[in-house]
Number of protein chains: 2
Amino acid sequence: MASPLSVALIGAGNVAWHLGRALEQAGNHVVLVYSRTLVKAEFLSETLLHAHPTQNPDFSLVAADVFIIALKDDVVVEFLKKAVFPRSSLVVHTSGSLPLTIFEQHAAIRGGVFYPVQTFSRAVAMDLKQTPIGIEASTPDDVSLLKNLAFSISEKVFDLPSDARKVIHLAAVFACNFTNHLLGISHDLLTQQQLNFTVLQPLVTETIQKAFAHAPFQVQTGPAVRFDQKIIEQHQQLLQDKPDYAEVYALLTEHIQKKAQEIAKLDQ
Amino acid sequence: MASPLSVALIGAGNVAWHLGRALEQAGNHVVLVYSRTLVKAEFLSETLLHAHPTQNPDFSLVAADVFIIALKDDVVVEFLKKAVFPRSSLVVHTSGSLPLTIFEQHAAIRGGVFYPVQTFSRAVAMDLKQTPIGIEASTPDDVSLLKNLAFSISEKVFDLPSDARKVIHLAAVFACNFTNHLLGISHDLLTQQQLNFTVLQPLVTETIQKAFAHAPFQVQTGPAVRFDQKIIEQHQQLLQDKPDYAEVYALLTEHIQKKAQEIAKLDQ
């Protein structure tokens, strides 16, 4: 096993909570928790053995092998402008959408990325072992250090350049954020009729498993791909007082049918 | 435990395979398997203890407590026109979208619905215990008989009138069929960049679990709900050669933002 590292956590949100716990359980030392709101830093650091809470972004006296920034994507660049790190520190962010180049303006530090491809809720305990972690850095030594750190908490560590990370993030918007909106429509349709959303849970779970066991377009089911016009019209009838849902229904039905025709052509 | 029933299976597709196996394992007798293609009926009946294969839709000599029609939705009505059942037989369909009233023209039989809210692949072994089964019939006695049969294979049996079943079916189109299409887009974006789709599996699984543990609209995440215009533009840039995907992206982003504004207003 690689030797344990010392880590400073910048942030006290969901990502910081899960990373902090997992890194410590793997034998690393979390030496510091920073949050703009001191009580949040205190709250997290109390659950960790060696962590010092702070709201001061001057880290010049903090000795850490890695500073992990686990802040919201849209505040990271601003944070880097005000933060002070010991010269030549390795500072990484955990974002799916920010490129490695955000560190270029900060020549005194070594930049890197430590991106867990997962969504975190503080309330839900989570075993990170199966969570993929994408790594990027400017030098082979830093890549190697970050990979060791990542492998201490996950079995699925991989090289992930900024361009590919952007595509993963975009793909995740379709597979997760947009999917969640569809589940919201489904939930709304059911609860409006006093039906319980959980009735669909086994079906959704099975659908997801099937999609990952095959290529999803190849296992498409439902009235759209069957070109079952009668059912489609029945559904549009049911949605006539819900123009937004009807619009989503029409567009996705059209696209499923278009894709089915493309696949049929390729199979000829 | 209720006394075992004798069941005739009309159909030899995925639904028939799973129902046949589960009903027999629960102690019921599957006495017949019908398929328009005899070899399919034979193939399934060989896996069952007492089943006789047939391609003859004249069932007048078949003694069964229940005839279960597990055919594709769009052929059921035509099939009922040509089939012959013993007088007063209980005949049920397994469809989410067909109403109980399709049996009205067939006064000599008792109609019913036995709707497993699940998607079936023959290749995937499946424990039906957690699969909800919605029941409908014209008389309390038939409802009771069908519930006994359903409870022999599932813990989640419930009364489901045709109107409510239609809404469940519509909700499932959003939650499963449309979701699968989004996963297809995601898969396509990743594989085009030589990235492995499975990198998203833990994230998708967690997203689904979160959606069912809460109301999905309340746990929406991503650039749309954050009104993160910079990331949204970056994504639209990445999709500029894929107008279909860009169209889905634009519509769902717009709807997520509209819904977020509605929720914010309600919370005021």
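Just so it is clear: chains get the letters A, B, ... in the order the sequence lines come, proteins before strands, and each one is counted from 1.
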Nearest non-hydrogen partners of A:Val248 and B:Phe178, listed with the distance: O-CE1, 4.4 Å
Let me know if [X] has heavy atoms under 4.5 Å from chain B in its side chain, its backbone, both or neither.
| X | answer |
| --- | --- |
| A:Glu247 | both |
| A:Lys259 | side chain |
| A:Leu195 | side chain |
| A:His181 | both |
| A:Tyr249 | both |

With only heavy atoms counted, which part of [X] is less than 4.5 Å from chain A, the side chain, the backbone, both or neither?
| X | answer |
| --- | --- |
| B:Leu189 | both |
| B:Asp188 | side chain |
| B:Phe120 | backbone |
| B:Thr253 | both |

Most contacts with chain A, counted as non-hydrogen pairs under 4.5 angstrom, among B:Glu254, B:Gln130, B:His169, B:Lys156: B:His169
I need the contact set between [range] and chain A: heavy-atom distance under 4.5 Å, sorted by residue number.
| range | answer |
| --- | --- |
| residues 92-105 of chain B | B:Ser97 |
| residues 216-224 of chain B | B:Pro216, B:Phe217, B:Val219, B:Gln220, B:Thr221, B:Gly222, B:Pro223 |
| residues 112-119 of chain B | B:Val117, B:Gln118, B:Thr119 |

Got a list of side-chain donor-acceptor pairs under 3.5 Å for residues 200-207 of chain A, not counting sequence neighbours?
residue	atom	partner	partner atom	Å
A:Thr205	OG1	A:Gln201	O	2.7
A:Thr207	OG1	A:Leu203	O	2.7

